[in-house]
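A short write-up of the structure that comes next.
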Amino acid sequence: MSTARTLPVWKSIDAPPGGWSVPDKAKSLDVAVVGAGIAGLTTALSLLREGRHVAVIEREGIGAGETLRTSAHLSNALDDRYYTLARQHGKDGARLAAASHAAAIDWIESLCRDGVHDCGFKRIPGYLFTHDGDVSVLQKELEAATEAGLEVAMIDAGARAPGMLGPMLRFEHQARIDISAYLRLLAHEVRDAGGVFVRAEVAGIEGGSPCRIALRGGGTISARTVVAATDVPVHDTNATYMKQAPYRSYVVAGAAPSDLADALFWDTGDPYHYIRRYRDEDGADWIIVGGEDHKTGQDDDPTAYARLHEWTLERFPDAGPFTHAWSGQIIEPIDGLAFIGADPDHDNVFLITGDSGNGLTHGTLGGLLVCDLVQGRDNPWAGLYDPARKPVRAAGEWVRENANAALQFRDWLRPAAIDRTDEIPLGSGAVLRRGVHRIAVYRSGDGELHAFNARCPHLGCVVHWSSEEKSWDCPCHGSRFEASTGAILNGPAGEPLGRMELKE
Ligand SMILES: Cc1cc2nc3c(=O)[nH]c(=O)nc-3n(C[C@H](O)[C@H](O)[C@H](O)COP(=O)(O)OP(=O)(O)OC[C@H]3O[C@@H](n4cnc5c(N)ncnc54)[C@H](O)[C@@H]3O)c2cc1C
Ligand code: FES
């Protein structure tokens with residue numbers, strides 16, 4: 001069970017090298033890293049290299065969360081723009097952010113260079129172009145990004161990109177990678193350094209000396225240090241969920257047009273679009289195009305992929321055919337930077353969350369930063385990414401996102417769109433009203449009905465049906481649940497949807 005049904009272009013990785021260990025083999029640990037995405041594996045490898053004994057606890061598979069749903073740009077030209085970051089974190093903060101993401105790309109590059117197999121890593125330029133011809137945004141970003149230390153220039157057309165007639169910003173030293181090959185490399189390195197992979201779902205984490213990890217289905221593991229690298233924390237912490245917002249993001253991939261440059265391209269729209277070229281292990285060239293983001297659980301829109309196709313073909317008529325379409329969850333921190341460091345609610349527990357569209361570099365620098373913190377070393381990035389920080393200069397965004405979440409409770413007052421289960425088509429779901437309850441009902445392909453309490457176990461919003469991923473998605477903070485079992489796909493909910501008996 002991955003976090004979504006749609007299939008990305010990347011190869012899946014079922015098991016870690018050497019296979020899974022059972023939880024009994026890891027009753028008492030030095031460091032437990034929860035989550036085998038890019039953040040968890042980088043953390044595990046960094047701590048193993050320091051001589052620590054580390055186990056990675058993962059409920060599903062290597063990269064089975066959002067990492068294998070990425071488009072795999074590696075960039076320190078951050079999505080949220082340097083003129084915004086400088087306003088929210090000061091010019092020194094913007095410089096530190098740029099340096100930390102650059103360091104993450106360097107770290108990935110050096111691991112790939114020394115690795116046992118090719119991960120398709122290549123340094124390429126990145127181009128930011130306008131979606132509406134407003135060049136003043138580029139000018140502002142040019143000044144702010146230069147001040148933050150990036151090598152960037154305004155160029156006239158020159159690279160094959162949408163909007164290629166207008167000027168663009170060209171950022172040097174960006175990169176791309178085959179994320180599946182890279183995760184396999186990371187997992188090999190973790191195993192070779194003595195790391196252990198445990199297959200289990202964590203149901204709770206309690207800080208202390210030692211920390212206690214409760215496993216779903218029974219059993220506990222204790223560890224001196226726990227790193228929660230589950231994309232969004234699923235244990236009981238209030239540190240971050242009100243400071244970040246969940247978005248669904250869409251991607252399509254197909255045969256690349258021959259004249260598409262090997263570069264990263266993204267526009268200034270909101271939501272924005274991006275393009276990259278990718279050569280797979282068999283030598284096939286792909287165009288990957290993404291965007292059309294919307295808030296999770298809100299504005300369910302099955303036409304997102306069609307719009308991406310149309311947008312691409314308007315610019316590249318010979319692109320395709322498109323063979324892949326998938327979506328994933330992006331967690332947007334309201335001040336543009338991830339939350340990485342000590343969990344203020346639990347002693348000896350560390351968090352890596354708030355990845356945003358730059359989650360591969362956020363996850364990597366997160367691993368390096370948490371390693372320093374666990375080892376008791378100073379790190380210049382620590383204050384910038386501290387999960388306990390108050391994003392005072394992003395107060396407007398904070399109010400907007402939380403007002404939007406609060407507004408979703410109005411669902412409790414609304415009538416249900418349908419009343420009877422026989423109105424639910426095969427392979428679809430709907431929320432029904434029964435007295436004071438809301439019941440989330442899914443009719444699977446064989447006609448069987450699966451009914452759950454539609455109250456999100458996180459803070460009680462009513463979940464919505466996602467027609468595109470066939471899941472139950474919470475419009476408040478983005479928890480997602482599997483249609484026929486109610487199992488957690490994405491946090492912050494720490495409990496699955498409760499089953500309910502269905503009476504017509
Ligand atoms: C469509 C899309 C495009 C993107 N494009 C880019 C890009 O081009 N560049 C970029 O830098 N970033 C990009 N991102 C963001 C980036 O891919 C993610 O932010 C990043 O991969 C997150 O990594 P992670 O390790 O933090 O989380 P994940 O990869 O989600 O890993 C978390 C792991 O924890 C496991 N887990 C969760 N709960 C539990 C539990 N209770 N017990 C045990 N295990 C658990 C999950 O199974 C999962 O394997 C994109 C994201 C999306 C969705
Ligand atoms: S995710 Fe917070 S109420 Fe559902």
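As the structure lists them, so they are numbered: ligands from 1, and atoms in each ligand from 1. Treat the numbers as computed from the prediction; the structure is a model and nothing was measured.
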Check against disulfide (SG to SG under 2.5 Å), C461 and C476
CA-CA 6 Å; C461 290; C476 284; 1.9 Å; yes
Where do Y274 and H73 land on the ring-ring contact (aromatic ring centres under 6.0 Å, His included) test, with the steps shown first?
CA-CA 10 Å; Y274 56 81; H73 298 55; 5.1 Å; yes
Could you please spell out the steps behind the ring-ring contact (aromatic ring centres under 6.0 Å, His included) verdict for Y182 and F121?
CA-CA 9 Å; Y182 181 65; F121 180 96; 8.5 Å; no
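With S180 contributing its side chain and W10 its backbone, the two residues share no donor-acceptor pair below 3.5 Å.
A salt bridge does not link D293 with R248: every distance from a Lys NZ or Arg NE/NH1/NH2 to an Asp or Glu carboxylate oxygen is 4.0 Å or more.
Between T67 and ligand 1, at least one pair of N/O atoms sits closer than 3.5 Å. For ligand 1, one of its N or O atoms has an N or O atom of A39 under 3.5 Å away. Considering both main-chain and side-chain atoms, G35 never comes within under 3.5 Å of ligand 1 through any nitrogen or oxygen pair. Considering backbone and side-chain N/O atoms, L360 comes within less than 3.5 Å of an N/O atom of ligand 1.
Residue contacts with ligand 1, taken as heavy atom pairs separated by less than 4.0 Å, do not involve S327 at all. Under 4.0 angstrom from ligand 1, the non-hydrogen atoms of I38 come from both its backbone and its side chain. When non-hydrogen atoms are compared, ligand 1 lies under 4.0 Å from the side chain of V34 (C-beta onward) but not from its backbone. The proximity of H362 to ligand 1, defined as any non-hydrogen pair under 4.0 Å, does not occur for either the backbone or the side chain. Contacts with ligand 1 closer than 4.0 Å are made by backbone heavy atoms (N, CA, C, O) of A200 only, the side chain lying farther away.
Taking atom 39 (C) of ligand 1 as the reference point, the nearest protein heavy-atom neighbour is T230 CG2, 3.7 Å. Counting only heavy atoms of the protein, atom 51 (C) of ligand 1 lies nearest to I330 CG1, 3.7 Å. Nearest protein heavy-atom contact of atom 1 (C) of ligand 1 is R69 O, 3.3 Å. In terms of protein heavy-atom proximity, atom 10 (C) of ligand 1 is nearest to G357 O, 3.1 Å. Taking atom 32 (C) of ligand 1 as the reference point, the nearest protein heavy-atom neighbour is A229 O, 3.4 Å. Among all protein heavy atoms, the one lying closest to atom 16 (C) of ligand 1 is G359 CA, 3.8 Å. When hydrogens are left out, the protein atom nearest atom 40 (C) of ligand 1 is V202 N, 3.7 Å; that is the closest non-hydrogen contact. Of the protein's non-hydrogen atoms, the one nearest atom 38 (N) of ligand 1 is R59 NH1, 3.4 Å.
Ring orientation note: the planes of Y442 and W465 are close to parallel, at an angle under 30° on the 30°/60° scale. Aromatic ring orientation, F265 versus Y127: parallel (interplanar angle below 30°, classes split at 30° and 60°). Ring planes of F197 and W20: perpendicular class, angle over 60° (limits at 30 and 60°). Between H324 and W326, the two ring planes are perpendicular [angle over 60°; tilted spans 30° to 60°].
Scanning L68, I62, T70 for the heavy atom closest to atom 13 (C) of ligand 1 points to T70. In this structure, of E58, E66, E60, the residue bringing a heavy atom nearest to atom 46 (C) of ligand 1 is E58. When I57, I213, I177, D355 are checked for heavy-atom proximity to atom 19 (O) of ligand 1, D355 turns out nearest.
Atoms of ligand 1 lying under 4.0 Å from any heavy atom of G328, numbered from 1 in the order shown and given with element: 53 (C). Ligand-side atoms of ligand 1 in range of N358: 10 (C), 11 (O), 12 (N), range being under 4.0 angstrom from any heavy atom. Near S356, with a cut-off below 4.0 Å to any heavy atom, the atoms of ligand 1 are 15 (C), 19 (O). Taking every non-hydrogen atom of V251 and a distance limit under 4.0 Å, the qualifying atoms of ligand 1 come out as 1 (C). The ligand atoms of ligand 1 that sit less than 4.0 angstrom from a heavy atom of H73 are 7 (C), 8 (O), 9 (N), 10 (C), 11 (O). For ligand 1, the atoms sitting less than 4.0 Å from at least one non-hydrogen atom of A72 are 7 (C), 8 (O), numbered in the order shown with element in parentheses. Ligand-side atoms of ligand 1 in range of Y274: 3 (C), range being under 4.0 angstrom from any heavy atom. Each of the atoms 25 (O), 29 (O), 31 (O) of ligand 1 lies under 4.0 Å from some heavy atom of G37.
In this structure, E206 CD and C211 SG are separated by 9.5 Å, a value rounded to the nearest 0.5 Å. Here I38 contributes atom CD1 and H362 contributes atom NE2; the two are 12.5 Å apart, rounded to the nearest 0.5 Å. Atom OG1 of T237 and atom CG of L351 lie 5.5 Å apart (nearest 0.5 Å). Between L264 atom CG and R276 atom CZ the span is 7.0 Å, to the nearest 0.5 Å. Distance check, rounded to the nearest 0.5 Å: CG of D236 to CG of D345 gives 7.5 Å. For the atom pair L365 CG and Y385 OH, the distance stands at 4.5 Å (nearest 0.5 Å).
Around atom 4 (Fe) of ligand 2, the protein atoms of type N, O or S found under 2.8 Å away are C456 SG, C474 SG, listed by chain and number.
Tested against D262 for a salt bridge (Lys or Arg N to Asp or Glu O under 4.0 Å), the candidates K122, R279, R123 yield a single pass: K122.
The disulfide bond (SG atoms under 2.5 Å apart) test applied to C371 returns no partner, not counting sequence neighbours.
The two residues A97 and L78 make their nearest non-hydrogen contact at CB-CD1, 4.3 Å. Of all non-hydrogen atoms in G291 and L308, the two that sit nearest each other are N-CD2, 4.0 Å.
Cation-pi geometry between R307 and W311 is not met: the NZ or CZ atom fails to fall both under 6.0 Å from the ring centre and inside 45° of the normal.
The closest approach between G290 and ligand 1 stays at or above 4.0 Å for every heavy atom of the residue.
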